[in-house]
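Below you'll find the structure, written out as structure tokens, and then a few comments.
Labels below follow one simple rule: chain letters A, B, ... track the order of the sequence lines, proteins then strands, and each chain is numbered from 1. Quick caveat, the model's predicted, so the values are computed rather than measured.
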Amino acid sequence: MAAPGPERGLTRAGRRNRRRPPGPANLGRLLGMADPQETLSRRVQSALAAAFGAEFAETDPVIRPSQFADFQSNAALALAKRLRRKPREVASEIAAHLEADDVVGGVEVSGPGFVNLTLRDDWIARETRDLLADPRLGVPEPPRQNIPLDYSAPNVAKEMHVGHLRTTVVGDALARTLEFLGHNVIRQNHIGDWGTPFGMLIEHLLDVGEDSAEAGLLESDPNAFYQAARAKFDSSEEFADRSRRRVVALQGGDPATLALWHELVDLSKVYFNRVYGKLDVTLTDDHLAGESTYNDDLAPICAELEERGIARISDGALCVFLDGFTGREGKPVPLIVRKSDGGYGYGTTDLATIRHRAQRLKADRILYVIGAPQHLHLQMVFETAREAGWLPEGVTPVHVQIGNVLGADGKILRTRSGESIRLMALLDEAVERAAKVVAETRPDLDEAARAEIARDVGIGAVKYADLSVSHDSEYVFDFDRMLALSGNTGPYLQYAVARIRSIFRRGGLSPDEAAGAVVLTGEAERTLALTLLGFGPVVAQVGETLEPHRLCGYLFGLAQAFTAFYEQCPVLKAEDPAVRESRLALTAATLRVLVQGLALLGVRAPERM
RNA sequence: GCGCCCGUAGCUCAGUGGAUAGAGCACCGGACUUCUAAUCCGACGGUCGCAGGUUCGAAUCCUGCCGGGCGCGCCA
């Protein structure tokens, strides 16, 4: 899949934005000129200033989508009290002072003081054509930020489970979206590649041999390898002793042990990359920044925290106690930075990590796409870093909380026998189920084409299911629902794309050729055009709120608007050539927005279905 | 016990302090000589957990209660 946008161009524009505040020339780009809500906001603000004085020029005009018009301004209701006038009177004043004849066709004061605004068809039409001509499809470029983005983070020699799947998919969608907005996203795959289990894993690797079939499990079924090691550790005193000694050697930097450790990590990388490849996410080895990366920082961090009195010894462990963090029986909860045996846990690593991201990577925002249960821990890490002065003013770490994935029984997804589900098997099943449907519906296509469709649809369905519900809520994993071709699903959107492409194939046209003027002859066209103008705003919003499900909701609405258009408005068979050109333009714009939107989510749109 | 998250239609989920709370699924009734009918249209379906409060206006903000999930010292 093509990278979302011409990165080099974005980089230059981004630097420009960063250096100086936006002038009038790029203000439109920044706000998104095609955004009707933004356009109306500015017009109504001017009306407020004209009607009530310059001090009201900054008042929020409260423009919202309306069920009685395209948009409505709710400003009058709130202003009434401040102005000591009746809300309807205030609304009338706003309407009277509104200078927007080029944009707005209908202004109406309604209800207790709403100002209903209906956009002009020719304005919508012109903006839609501009959107089609815009490589960015109306997506604004906010000031460029450096954004380290922590996601996926599987463990070496362990199976990735559905929880990893979700942080991987959501994180990747955020990475793509933020990059398209022009930000400098620094992917950080904080893999679990250090800690006490590695003694046992290394000894097991030595026992079975690096080139053995057993070692090969690390690439295919890592849990099997892990559990074999674990079983030996639990049953053999001799093996457990060796394992403990091996941990000491590892932490002491023994070269032979480090070589074995590297071997383990490399075998695991093969597994990670197989999953990432199958899942079509953008992570590569270049983004690996595992726990081991920070080994050299851990002792100095502890020393600094202790010297400065931020951490103190408690029960033999070096701990940070923060105000407001209390646990059972009101006892303060510590962030342990050095265990009583002298070792370091993930608290220390996470502190080293955030310091690195803030200072070395010069982060403007630091994003952690991590499971919701880790919230308390992360808050303590953030707070400690803040107290230690490692986070510059204005740099905010954000925990993008990922809710658990549940089975049909409402409990954490597991197999019937209670084991965690193998991710590869799960993805394979999604593709198989999709393949079954494709075999029935498209017997005309050859085997290879069907396989490709099944892969795009199966994987897309799983990813879209992860993305389409708010990231912090738990959701119930259900193959039947996510693979359905109706409803807010990946396949539904892919199908809409496939039908559009079919129109152009039938017509012997390339979507790039469709650039005619847009004329709106009916409600379906109007709704579709207006919906298209919402793409930029929603992408900008996702970049701020970090909620990909809003983009999903938007794309679903767009696909529905297109479907209504498709039912009611013949494109190729339109009799009037101007109408045909216009509908081709609308169809091409829909295609581009759907494909771009799905690309931002990391979902492929197959040529045909 | 303390903290975080959640409670919206039978089910799965949206919902930016604004008018009569929305989708999808399921169920029921319709629509293919048509650019892909795997798509569409209609109908049905609600005490927004409960009770107060703030507000001209609350699913949304505040407080309390009920119910559920998760976390709370040396795993990560």
Side-chain angles (χ1 to χ4, degrees), chain A residues 37 62-68 72 74 77-78 80-81 86-87 110-114 116 153 155 158 192 194-197 291 314-319 324-341 343-347 349-350 371-377 379 401 403-404 406 410-412 437-438 440-442 468-470 472-476 478 480-481 483-489 491-492 495-496 498-507 541 545 549-550 552-553 556-557 559-560 562-564 566-574 583 587 608-609:
Chain A
Q37 201 163 338
V62 201
I63 306 291
R64 299 284 183 270
S66 174
Q67 46 187 316
F68 302 104
Q72 62 186 46
N74 303 329
L77 296 150
K81 181 167 273 184
K86 290 178 181 163
S110 159
F114 302 109
N116 293 345
N155 291 314
K158 270 200 186 166
W194 203 253
T196 45
E291 295 172 333
S314 168
D315 291 343
L318 186 63
C319 303
F325 292 90
T326 51
R328 286 197 186 85
E329 295 142 33
K331 273 164 68 176
V333 178
L335 181 71
I336 295 174
V337 293
R338 193 179 59 222
K339 298 186 285 182
S340 53
D341 67 1
Y344 305 103
Y346 75 145
T349 321
D350 286 343
Q374 304 249 19
H375 190 64
L376 177 65
H377 168 73
Q379 290 310 310
Q401 302 192 50
N404 287 323
L406 310 177
K411 296 191 172 142
I412 305 272
V437 179
V438 178
E440 278 174 28
T441 56
R442 297 304 302 260
S468 58
V469 295
S470 41
D472 57 345
S473 69
E474 299 185 328
Y475 90 98
V476 178
D478 181 341
D480 290 332
R481 205 169 48 239
L483 282 162
L485 272 108
S486 51
N488 188 7
T489 67
Y492 178 82
Y495 190 63
R499 289 166 87 185
I500 293 176
R501 286 180 165 148
S502 174
I503 292 176
F504 285 103
R505 260 198 311 276
R506 283 269 173 154
Q541 186 187 25
T545 66
H549 78 279
R550 293 184 184 277
C552 295
F556 178 53
Q560 284 182 310
F562 176 77
T563 301
Y566 184 89
E567 298 279 324
Q568 294 168 35
C569 306
V571 177
L572 296 173
K573 292 173 189 165
R583 288 180 180 170
T587 304
R608 53 189 99 211
M609 276 174 74

| query | Quick one: is A/Tyr566 getting a side-chain N or O under 4.0 Å of the B/C35 phosphate, OP1 or OP2? | reply | no
| task | Encode nucleotides 25-34 of chain B as B, S and - characters from 5' to 3', where the letter depends on protein heavy atoms closer than 4.0 Å: B to the base, S only to sugar-phosphate, - to neither. | result | S--------S
| request: Under 4.0 Å between any heavy atoms, over every strand shown, what does A/Val333 touch: base, sugar-phosphate, or nothing? Just pick one. | output: sugar-phosphate
| In the 5'-to-3' direction, what one-character label does each nucleotide of nucleotides 1-8 of chain B receive under the scheme B = base within less than 4.0 Å of a protein heavy atom, S = sugar-phosphate only, - = no such atom? | BB-S----
| query | Rounded to the nearest Å, what distance is computed from the CG atom of residue A/Leu572 to the P atom of nucleotide B/C35? | reply | 9 Å
| task | Using the C1' atom on both, measure B/G52 against B/A14 and round to a whole Å. | result | 28 Å
| B/G17 and B/G3, which share atom name P, separated by this distance in whole Å | 26 Å
| Spacing between A/Arg338 atom CZ and B/C74 atom P, to the nearest angstrom | 17 Å
| task | Give A/Val437 one of three labels, base, sugar-phosphate or nothing, depending on what nucleic acid heavy atoms sit under 4.0 Å from its own. | result | base
| How far does the C1' atom of B/U20 sit from the matching atom of B/G46, given to the nearest Å? | 13 Å
| request: Please examine the side chains of A/Arg338 and A/Tyr344, heavy atoms only from C-beta on, and report whether any two atoms are closer than 4.5 Å. | output: yes
| field | N/O donor-acceptor pair, side chain A/Asn74 with base B/A19, under 3.5 angstrom | value | no
| task | Among the candidates B/G15, B/G71, B/U36, find the nucleotide nearest to the side-chain atoms of A/Pro373. | result | B/G71
| B/G68 and B/C50, which share atom name C1', separated by this distance in whole Å | 15 Å
| task | Could you please name the option among B/C72, B/C40, B/G73 that lies closest to any side-chain atom of A/Lys331? | result | B/G73
| said: Under the rule for side-chain hydrogen bond (donor to acceptor under 3.5 Å, both in side chains), what residues qualify as partners of A/Asn74, not counting sequence neighbours? | reply: A/Gln72
| task | Assign A/Ala372 to base, sugar-phosphate, or nothing according to its heavy-atom contacts below 4.0 angstrom with the strands shown. | result | nothing
| said: Restricting to ring pair (Phe, Tyr, Trp, His ring centres under 6.0 Å), what partner residues turn up for A/Tyr492, sequence neighbours left out? | reply: A/Phe556
| What about A/Ser468, does its side chain sit under 3.5 Å from the base of B/A14 through a donor-acceptor pair? | no
| Pairwise P distance, B/G1 and B/C65 [rounded to whole Å] | 10 Å
| field | Nucleotide of B/A23, B/U36, B/G73 approaching A/Ser502 most closely (side-chain heavy atoms) | value | B/U36
| request: Could you check how far CG of A/Leu483 sits from P of B/U12, rounded to whole Å? | output: 19 Å
| request: State which residues pass side chain to side chain contact (heavy atoms under 4.5 Å, CB included) with A/Arg608; sequence neighbours excluded, sorted by chain then number. | output: A/Arg442, A/Leu445, A/Ile453, A/Arg505
| task | Output all residues satisfying ring pair (Phe, Tyr, Trp, His ring centres under 6.0 Å) with A/Tyr475, sequence neighbours left out; order by chain, then residue number. | result | none
| task | Using a 4.0 Å heavy-atom cut-off across all strands, classify A/Gly345 as base, sugar-phosphate, or nothing. | result | sugar-phosphate
| task | Return the value, rounded to whole Å, for the distance between atom CG of A/Leu77 and atom P of B/G57. | result | 11 Å
| For RNA chain B, what is the dot-bracket line, given that a base pair needs Watson-Crick (N1 to N3, plus N6-O4 or O6-N4) or G-U wobble (N1-O2 and O6-N3) geometry with both distances under 3.5 Å, and | means paired with another strand? | (((((((..((((....[...))))..(((.........)))......(((((..]....))))))))))))....
| Among B/G73, B/C74, B/C70, which is the nearest nucleotide to the side chain of A/Ser314? | B/G73
| note | Winner on side-chain proximity to A/Ile503, out of B/C35, B/C40, B/C74, is B/C35
| request: Give one of base, sugar-phosphate or nothing for A/Cys569, where a contact means two heavy atoms less than 4.0 Å apart. | output: base
| message | What contact category does A/Tyr344 fall into here, base, sugar-phosphate, or nothing, at under 4.0 angstrom with non-hydrogen atoms? | response | sugar-phosphate
| note | Closest of B/A14, B/G73, B/C74 to the A/His549 side chain is B/A14
| request: Rounded to the nearest angstrom, tell me the gap between atom CZ in A/Arg608 and atom P in B/U36. | output: 11 Å
| query | Hey, does A/Arg583 reach any base, or is it just sugar-phosphate, or nothing, if we go heavy atoms under 4.0 Å? | reply | nothing
| task | Round to a whole Å and report the spacing from CZ of A/Phe562 to C1' of B/U36. | result | 11 Å
| said: Please give the distance between the C1' atoms of B/G30 and B/U12 as a whole number of Å. | reply: 26 Å
| A/Met609 and A/Thr441, any side-chain heavy atoms less than 4.5 Å apart | no
| request: Between A/Phe556 and A/Tyr475, name the one whose nearest nucleotide on RNA chain B is closer to the 5' end. | output: A/Tyr475
| Taking atom C1' in both B/U8 and B/C13, what distance in whole Å separates the two? | 10 Å
| said: Quiz question: going by heavy-atom distance under 3.5 Å, is there a donor-acceptor pair between the base of B/A38 and the side chain of A/Glu440? | reply: no
| What's the shortest heavy-atom distance between A/Thr587 and A/Val571, and which atoms? | OG1-CG2, 3.8 Å
| request: Could you please name the option among B/A23, B/A19, B/U16 that lies closest to any side-chain atom of A/Gln72? | output: B/A19
Between protein and nucleotides 66-69 of chain B, what N or O pairs are separated by less than 3.5 Å?
{"unit_1": "B/G69", "atom_1": "O2'", "unit_2": "A/Glu474", "atom_2": "OE2", "d": "3.3"}

| Expressed in angstrom and rounded to an integer, what is the separation of A/Asn488 atom CG from B/A14 atom P? | 10 Å
| task | For A/Asp480, enumerate each residue passing the side chain to side chain contact (heavy atoms under 4.5 Å, CB included) test, keeping only those at least two apart in sequence or located in another chain. | result | A/Arg433, A/Asp478
| Nearest-nucleotide 5' precedence on RNA chain B, A/Pro112 against A/Cys319 | A/Pro112
| Any side-chain N or O of A/Arg550 less than 4.0 Å from the OP1 or OP2 oxygen of B/G15? | yes
| query | Within less than 4.0 Å of OP1 or OP2 of B/C40, is there a side-chain N or O belonging to A/Tyr492? | reply | yes
| message | Nearest whole Å is fine: how far is B/G18 P from A/Phe68 CZ? | response | 14 Å
| message | Taking only the P atom of each, what is the distance from B/G15 to B/U60 in whole angstrom? | response | 15 Å
| said: Can you see if the side chain of A/Arg506 gets near the phosphate of B/U36 - specifically, an N or O under 4.0 Å from OP1 or OP2? | reply: yes
| message | Could you work out, with ring pair (Phe, Tyr, Trp, His ring centres under 6.0 Å) as the rule, every residue matching A/Phe562, not counting sequence neighbours? | response | A/Phe565, A/Tyr566
| note | Sorted by chain and residue number, the side chain to side chain contact (heavy atoms under 4.5 Å, CB included) partners of A/Ala317 (sequence neighbours excluded) come out as A/Cys319, A/Ile336
| query | Can you name the side chain to side chain contact (heavy atoms under 4.5 Å, CB included) partners of A/His549, sequence neighbours left out? | reply | A/Ser470, A/Glu547
| field | A/His377 side chain near B/C72 phosphate (N/O to OP1/OP2, under 4.0 Å) | value | no
| request: Report which part of the nucleic acid A/Asp350 touches: base, sugar-phosphate, or nothing (heavy-atom distance under 4.0 Å, all strands). | output: nothing
| request: Respond yes when some side-chain nitrogen or oxygen of A/Ser470 is under 4.0 Å from OP1 or OP2 of B/A14, and no when none is. | output: yes
